[in-house]
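Reminder, nothing fancy here: chain letters follow the sequence lines and each chain counts from 1.
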Protein chains: 2
Amino acid sequence: MERRDRLFEVIENLLRAKNECSCKIFSDCGLSDMTVKQVSYLKTIDEQGEVTFSRLAEITRNSKPTITEMINKFERMNCVYRERSNDDRRFLYIRLTAKGKKIAKVEHDALRQVIERMISSLDESEQDLLIGLLKKIR
Amino acid sequence: MERRDRLFEVIENLLRAKNECSCKIFSDCGLSDMTVKQVSYLKTIDEQGEVTFSRLAEITRNSKPTITEMINKFERMNCVYRERSNDDRRFLYIRLTAKGKKIAKVEHDALRQVIERMISSLDESEQDLLIGLLKKIR
DNA sequence: TAAGATTAGGGAAAACCTAACTAAAGAAAC
DNA sequence: GTTTCTTTAGTTAGGTTTTCCCTAATCTTA
């Protein structure tokens, strides 16, 4: 078997492992049929930190009613909640629940899980060797 | 910086590289806004090899008109074409065009491109070392 | 007459919109 | 200092378009 194919195989296994981890996170949350778009909106909310309806409408280039509708749906899924500002009670902040955060960070957490497996399968010098090799690429 | 974080970083870079390759394949095909579902149908057609409308309806648990509609759309995108069977002229085979095949194999090809980069950045003994390390995981 | 695919026509849900509303805040007039 | 006007944030109501699926009827070949 050629080096090329063996490399392909080991990397593919790594990707498959990561993918299984993210699927598990979705199913643990009971949200296996979320769309790519929905996940990316949760990511945007997460990245922005303090975000209001108007601001999210601006960022995502949607109208405000579209955002209201979307947030209502996320609320029904227990991914977000509304929090009124004390400074100016017209403002509503969109906050992620624990579940919402989990989904927003699904890629990150799945990769973390794979890294944990690596750490438990390789000793420290092997880990350093692997880091060194992967750093050389490109 | 901790080993954990350095590992995370190098693997994340690898994933990002692969992702950029698949995005490039989509945009080269002029099909940047394909849905996950559409790609998975093209994959199914590819995997089946010789597949008729009725058979695809069966596999995907859709009605035959739904398949006709879907294939018409794919035809407009230049991803598939119809080929009538010579044995029994009632049968129509769904065939992938070069573009259709490219999309069906997008994940595979993107990974191949990343592997090529690895091969050009690492010498043979380093490649073997990397394979050995990744094989040890789990 | 039967089987494979298509056409016609339609239903339900998703993903968006505009216009009109409510509630709160800020400013201006008295 | 209260009342009134204006502006801003978000919601509600109602509609359009697109997607994704369906059944029933039709055409073509066996």
For residues 72-80 of chain A, which side-chain donor-acceptor pairs fall under 3.5 Å, sequence neighbours excluded?
{"from": "A:Asn72", "atom 1": "OD1", "to": "A:Arg82", "atom 2": "NH1", "distance (Å)": "3.3"}
{"from": "A:Asn72", "atom 1": "OD1", "to": "A:Arg82", "atom 2": "NH2", "distance (Å)": "2.8"}
{"from": "A:Asn72", "atom 1": "ND2", "to": "A:Thr68", "atom 2": "O", "distance (Å)": "3.3"}
{"from": "A:Glu75", "atom 1": "OE1", "to": "A:Arg82", "atom 2": "NH1", "distance (Å)": "2.9"}
{"from": "A:Glu75", "atom 1": "OE2", "to": "A:Arg82", "atom 2": "NH1", "distance (Å)": "3.3"}

Heavy-atom count around [X] [atom1] within 6.0 Å, excluding the residue itself: above 12?
X	atom1	result
B:Arg138	CZ	no
A:Glu2	CD	yes
A:Lys105	NZ	no

Before giving the answer on side-chain contact (heavy atoms from CB on, under 4.5 Å), spell out for A:Cys21 and A:Glu116 the whole-Å C-alpha distance, their side-chain angles and the decisive distance to 0.1 Å.
CA-CA 12 Å; A:Cys21 290; A:Glu116 289 312 313; over 6 Å; no
Close residues, residues 73-81 of chain A, relative to DNA chain C [heavy-atom separation under 4.0 Å]:
A:Lys73
Close residues, residues 38-60 of chain A, relative to DNA chain C [heavy-atom separation under 4.0 Å]:
none
Hey, does the side chain of B:Arg61 come within less than 4.0 Å of D:dC21's phosphate (OP1/OP2), counting only N and O?
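So the side-chain polar atoms of B:Arg61 never come under 4.0 Å of the phosphate oxygens OP1 or OP2 of D:dC21.
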Could you work out, with side-chain contact (heavy atoms from CB on, under 4.5 Å) as the rule, every residue matching [X], not counting sequence neighbours?
X	value
A:Lys102	A:Ile25, A:Cys29
B:Ser40	none
B:Glu50	B:Tyr93, B:Arg95

I'd like to know if the side chain of B:Ser22 and the backbone of B:Glu107 have a donor-acceptor N/O pair within less than 3.5 Å.
no
Measure from the side-chain N and O atoms of A:Glu126 to the backbone N and O of A:Asp123, and report whether any donor-acceptor pair falls under 3.5 Å.
yes
A:Phe26: which residues meet the ring-ring contact (aromatic ring centres under 6.0 Å, His included) condition with it, sequence neighbours left out?
none
Going by the rule ring-ring contact (aromatic ring centres under 6.0 Å, His included), which residues pair with B:Phe8 if we only count those two or more places apart in sequence or in a different chain?
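Testing B:Phe8 for ring-ring contact (aromatic ring centres under 6.0 Å, His included), a comparison that skips the adjacent residues, returns A:His108.
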Contact check, residues 64-72 of chain A vs DNA chain D, heavy-atom distance under 4.0 Å, returns A:Lys64, A:Pro65, A:Thr68
Quick one: how far along DNA chain C does chain A reach, first to last nucleotide 5' to 3', anything under 4.0 Å to a heavy atom?
C:dA15 to C:dA25
Protein N or O to nucleotides 28-30 of chain D N or O, pairs below 3.5 Å:
{"from": "D:dA30", "atom 1": "OP1", "to": "B:Arg89", "atom 2": "N", "distance (Å)": "3.0"}

Going by side-chain heavy atoms closer than 4.5 Å, which hydrophobic residues are tied to B:Val36, directly or by a chain of links?
A:Val36
With no hydrogens and no angle check, do the side chains of A:Asn13 and A:Arg16 hold a donor and an acceptor under 3.5 Å apart?
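A donor-acceptor contact under 3.5 Å links the two side chains.
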Only one of A:Val114, A:Ile131, A:Leu14 passes side-chain contact (heavy atoms from CB on, under 4.5 Å) with B:Ile11, and that residue is A:Leu14
